[in-house]
Amino acid sequence: MNSSADEKSPLVKGGLYHKSSLSSSESINDELERFIDVDVSVDEFSHLAPHEAKILRDQVIIKSTIVNFFSFYRYATAKDILLLSVATACAIADGCMRPLMTFVFGSITQTFTAYAAQQNMGYYNGTDFGLDDNKYNNTSQHEFNSTIADYNIAGYYDSQFRYISPDEFQTEVNRLTLYLVYIGIVDIIISYIAIYIFIDRGEVLSGRIKENYLAATLRQNIGYFDKLGSGEITVRLSADTILIQEGMSEKVSYIISNGTMFFAAFAIGFIRAYKLTFIMMSIAAFILITFVWVLNKMAGYYTKALEGSSSGGSIAEEVLASIRNVQAFGIQDRLASRYDKYLAISEKWAFKAGVALGTVTGVMWLGVYSNDALGFWQGARFIRAGEETVGGVVTTLMCMILSTYALSNISPHARSITNGMAAAVKIFATIDRKSVIDPSSEAGKTLEKVEGNIELKDLKFIYPSRPNVTVLNNFCLKIPAGKTVALVGASGSGKSTIIGLLERFYEPLSGTVELDGVNINDFNVRWLRQQISLVSQEPTLFGCSIYENIAHGLIGTQYEFASEIEKRELVKEACRQANALAFIDRFPEGLDTSVGERGFLMSGGQKQRIAIARAIVGNPKILLLDEATSALDTRSEGIVQEALDRASKNRTTIVIAHRLSTIKDADNIVVMRHGVIIEQGTHNELIALKGDYFDLVEAQKIEQQTEKLTTSEDTGGDIGTSESDQRAEFQEDGLIGLQRTETANSISSIVIRQQPEKVEVDPADYSLWELIAFLYKLNAEENHYNILGAIMSAITGLGYDAMGLFFGRCVQAFGAIPDYEYMTQQIAVFSGLFFMLACFQFVVTALALALFSFTSQKLVRRIRIRTFRQMLRQDISFYDRDENTTGSLTSMLSQDAQYVEGFGGATMGQLMNSLMMIISGVILALALAWKLAIVCGACLPIIISSGFWRFYVLSVFQNTTKKSNERAGSYACEATSAIRTVASLTRERDVMAHYHAIIKEQGRVSKRASNRSAFWYGIAQGMQYFTLALAFWYGSSFIRRNEYSLFQFYVTYTTIIVGAEAAGIMFSFAPDMGKAKSATAHIKKMLETVPEIDTWTENGLIPVNIRGDVEFRNVHFRYPTRPQVPVLRGLNLEIKQGQYVALVGSSGCGKSTTIGLIESFYRPLSGHILLDGQDITEFNINAYREQIALVQQEPTLYAGTIRENIEFGTSRTVTDEEIYSVCKQANIHDFIASLPDGYNTMCGSKGSLLSGGQKQRIAIARALIRNPKVLLLDEATSALDSESEKVVQAALDAAAKGRTTIAVAHRLSTIQNADVIYVFEEGKVLESGTHQELLAKKGKYYQLVQLQALERA
């Protein structure tokens, strides 16, 4: 990554990712409560009546779940249990192999010491007892103070050391080494079986947990989601389930093996030397108690760390999902700073957990070397007393070393268990949560025939997420079957709430909603929703084809399982009725065209028509239209409204509309205010009353001249010859359809062909050393700690060499028998050195791992914040690509950064430790006994290569599975972020079927890699015993010839063989390192990706004294992800300073694209876009965007307070008075002031706690506080009711004075006063002029106006 470029960002300059913005635990908890589940200790509902509080509490509360290790396997079948039982048995058998080896080791040591002793004593043929000069390998000599007879040597040899000839010695050693070969062969087989099954079942069972978590999430009532960000769900599915998988996969096999080794070692110890074993148990007990206590602490720390990271994930998901808004307002660094607050929380607690791990690992080494000290010291006393033999003491000592060694191996793997348990708490809490409105339940009534009579009786309703605001109070309304009822009123009056109650998204506090005389609470939830079709104000499409999106409307109908041909006919007919077929047919792939993530490849009008087709395709009994035509242009609206009117015939229809032209034919119009009905009646009746409805109509009427033009002689009173002709003309000419250009050599085509082909970097091409160098550079600020930690880890590796030297001296001392005085003296000295080594290793290991934990957590945080910032740096075309969905990017932030820890912390410490053991051990062995060292050392490459191949297999596997993991995470994120649409369509089972297929495919791909990984692990395990057998077999020939002493042999054995075992331990971390390599490669690619439109660049002109002249000169444009589809085809338009310009035209004609190009979201293929005569590509992008403010069609707010959201509009500090002023202009101040918390009211994730109109007005206030030179309004008032629209439009008209304003509008009443109106067609300007001029032309604009004129029925 280019660090100099990175440093240019304000966030890096300010060092925000180094500092935690939260200085106390109280502030951390306060921040966390914003984004995590409801804190049960704070009762938000205490002011309500008990039964009302219970209804609301039940909709949001999540009870904590007690999780233990066996909770991981709650979804195991009988087959899984059988396989896991086999794997457990193999893991237990694997754990027994090492203790069995100690029997052989003790017997060989007994044989070696006996043979060496008789060599040293000169005991040949039982006669010569002369002393050899090299008896003690040139160590300090001593003399016997008594005669040989005093030692009763003959008796000693008779009882312990019978005479062994050289041939007998070799035969005995050969026999014993064969046992080691047999143990090795068995261990290869059983360790392979154990590891493979645990990895495979871990994949399968974690997949089931993912499925059950998603299924549980989809069955929750909607109130649950009001308190939960969809990003948190993505983090749970992508990161937390992987932690669970690691906690139930091969790590379990390691723990079982080591646990078995611990107990088996004790069992053998008791058999061989029970007194010595009892004494040495004290150390094991101390280690065990420490181990349990520290792991308990670690679990708590990790739980808190995960809370921080999942809350940060919600912020990241929310920000990435609204990237256009983020870039338009230049708030990347402020949102990144907010995200970093939660990374600071996660870093703090994860570091504490790392310190705890360092402590417990240090205690393990304290135990290992203390065991040596105690075993040799006490064992020598037992030998001198004649209570034990050398073989018994060495076997027991090896067993006790194995027991502490087993515990030390358990500690890093146990961390995976505690991590998994911490992650499982939230996941299983959601799975176990009983939803008060459960669409998956089979309980409840169904009706044979639905008439459609709806009655709302005495309803009182409060949103669970806003318990202080009563939305409906004693609300009553009857809706007869087959009738159309329209709900009108100001934003926040409770209109959409009624739809939510009919869909059973929420529970009312009192009163009932009845369908055909039956309380809807008595119906089966799924069945009830299948009788209803909903078209929402902000239509949600799913990331699949147009056909698949519309076919979702057939779920629960008689056509759900119809043939593909029949379904396609139904879908086509629905598209025809929704006036969508014309633009769909012009796509190269027709109905099979992908709509993109959340439908981003479709314009607003196209999305709405697809959603309408989806609603009517299933011929529902009840139709709910919540601003169903708000995103349509007037021509589309007329025809679609006619289709909706036809669809409404003979079915109950409830319409929410701000555009009153759409509901004038309703059977009953209900006018609402503050949750109460003000008046109701037909359009004519309400007009006659001249009440609230009349005022709304008057506010929305287009100038009276349209009525004159309606009766103009030139038109004969009608547009076109007939209604059908009008529709045909519209369908032929009124839509751009985004079809292929007829001219093969169009300008766009030529430019695209001439563009150099972009070469994508494949993350798999990065070498391991490149990635290590990349991380070293990324971790530069902490590298001195890394170096210190590496030195300490290397020192701990030298501890094995010291142990080898001490061990060799102690065994040599046993060879001095029957000189017990010398033996005990030597043993005492080296036992003391062993204990000193134990204390030293404890301190150094604990410090090393604490340092690595500190640096790795800093690295994880830095990677997350830099990757997040790098994502925000990318231009919009980056987000248009299929692989860069919000879900996959959120998964990258949570998963990949965590995986990189596989190159740091405990793994890095173990790696450095193992490398030093191998290198120093080989050097020491070569210095002492080079012949033996060369032969034993030759086995090291075999062991290391088998470990390496496992690492390589896993690395390749990670690259393969990453894509499927991202695909699964992205799919789940899409479903949960559109939960209302999923619930309304009853898509829960459909979503789960698709998700199950993704998980199943992922499991199939992983089996092969798991098999190869387990194979190489088994080889590495078996090679340890083969190497040991070779060492004893080959070494015995040197002992027999008296070429090497026991000291030389055992030092060489200890350093080489233990070094080989260390290599095995090192590659037991291969899965972590494999994941780390893959993740690091993807992060490196991301951080090195420089976008074409770069917000980090300081290049470009700084706009000064901008007037606001905007001009398009022959602009051609195609979206980078769909280069075959032309959008703008030579667009020319000119906008003068201070002009109010409107862009109108059919959906998909390029209006919103024009806004995106002005915002510099994309670059045109050819032509120029000018600001004050200067090409906008020559400006500094950030300085340029500061001159512009954008209000989008679908308003975007962020989790936080209303005040914070408005302040996002500008980088300068604003006063309360300024905020109040812009809110008054946007007609939102009075509403905010009426809330209990005022401007400090939380907006909820994505502004979910506010209505559409309220969100839009806050978005307008955010734009106004920016005081821009150019104001862009992309359907800025589409979500407002007529009354609010009039006030806001007046405010926008006032705000437009002195600045250039460009408005995209379908509702023509909002732009009739525009200075210039440009009518778009086929990506060009068809006609332009003022409202009056265009009406006089009687062209396209004239037709649009006619279709929208509100006339008295």
Side-chain angles (χ1 to χ4, degrees), residues 101 104-120 132-141 164 166 169-170 172-174 176-177 180 372 376 390 394 398 797-816 826 830 833-834 837 914-944 1023-1063:
M101 179 270 292
V104 180
F105 186 92
S107 299
I108 292 175
T109 303
Q110 176 80 51
T111 305
F112 272 26
T113 54
Y115 186 77
Q118 79 180 17
Q119 293 285 83
N120 289 337
D132 184 77
D133 289 340
N134 296 318
K135 174 179 176 183
Y136 301 115
N137 196 36
N138 298 321
T139 58
S140 56
Q141 300 293 314
I164 304 173
F169 168 74
Q170 192 64 61
E172 180 66 10
V173 170
N174 292 349
L176 291 171
T177 52
L180 292 175
D372 286 325
F376 276 118
V390 171
V394 170
M398 289 298 294
L798 291 173
Y800 267 102
D801 297 331
M803 184 195 76
L805 290 169
F806 302 161
F807 190 92
R809 288 298 188 192
C810 290
V811 172
Q812 186 184 29
F814 286 145
Q826 288 290 295
F830 288 105
L833 290 174
F834 263 125
L837 177 64
S914 299
L915 286 173
M916 184 52 72
M917 274 192 276
I918 294 169
I919 295 167
S920 61
V922 169
I923 292 170
L924 181 60
L926 286 170
L928 281 175
W930 65 271
K931 292 180 183 178
L932 181 61
I934 286 174
V935 173
C936 292
C939 298
L940 282 177
I942 301 172
I943 295 173
I944 292 171
M1023 284 304 301
Q1024 296 175 16
Y1025 298 103
F1026 299 154
T1027 309
L1028 185 60
L1030 177 64
F1032 277 119
W1033 173 78
Y1034 189 64
S1036 65
S1037 64
F1038 294 111
I1039 299 291
R1040 184 182 64 176
R1041 297 194 301 269
N1042 205 29
E1043 190 173 338
Y1044 289 147
S1045 66
L1046 287 179
F1047 171 73
Q1048 289 170 297
F1049 172 80
Y1050 275 98
V1051 171
T1052 304
Y1053 152 76
T1054 305
T1055 53
I1056 292 279
I1057 304 306
V1058 171
E1061 291 174 352

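Relative orientation of the F807 and F376 rings is perpendicular, given thresholds of 30° and 60° on the angle between their planes. Ring planes of F830 and F806: tilted class, angle from 30 to 60°.
Panel note: side chain Y1044, backbone K931; a donor-acceptor pair is recorded below 3.5 Å. At distances below 3.5 Å, not a single donor-acceptor pair connects side-chain atoms of E172 with backbone N or O atoms of F169. No donor-acceptor pair under 3.5 Å is formed between the side chain of Y1034 and the backbone N or O of L932.
Minimum heavy-atom separation, G1035 to F1049: CA-CE1, 3.7 Å. Nearest approach of A925 to T1052, heavy atoms of both residues: CB-CG2, 3.7 Å. Between Y115 and R1040, the closest heavy-atom pair is OH-O, 3.2 Å. Taking each heavy atom of L837 and A802 in turn, the nearest pair found is CD2-CB, 4.1 Å.
Contact annotation: the side chain of F1047 approaches that of L928 to within less than 4.5 Å [non-hydrogen atoms, C-beta and beyond]. Side-chain contact between M916 and L798 is present, with heavy atoms from C-beta onward closer than 4.5 Å. Looking at heavy atoms from C-beta onward, F1026 lies out of side-chain contact with L1030 at the 4.5 angstrom threshold. Considering only heavy atoms from C-beta on, R809 stays 4.5 Å or farther from L805 through its side chain. At a threshold of 4.5 Å between non-hydrogen side-chain atoms, the residues V922 and T1055 do not count as touching. Side-chain contact between L180 and F1032 is present, with at least one heavy-atom pair separated by less than 4.5 Å.
Rounded to the nearest 0.5 angstrom, N174 CG and S1036 OG are separated by 6.0 Å. Interatomic distance, CE of M101 versus CE of M398, reported as 5.0 Å (0.5 Å rounding). A distance of 9.0 Å separates CD1 in I923 from CG in D801, rounded to the nearest 0.5 Å.
Partners of Y1050 according to the side chain to side chain donor-acceptor pair (under 3.5 Å) rule, which considers only residues two or more places apart in sequence or in another chain, are T109.
Checking S1037 against Q170 by side-chain atom types alone, no donor-acceptor pair falls below 3.5 Å.
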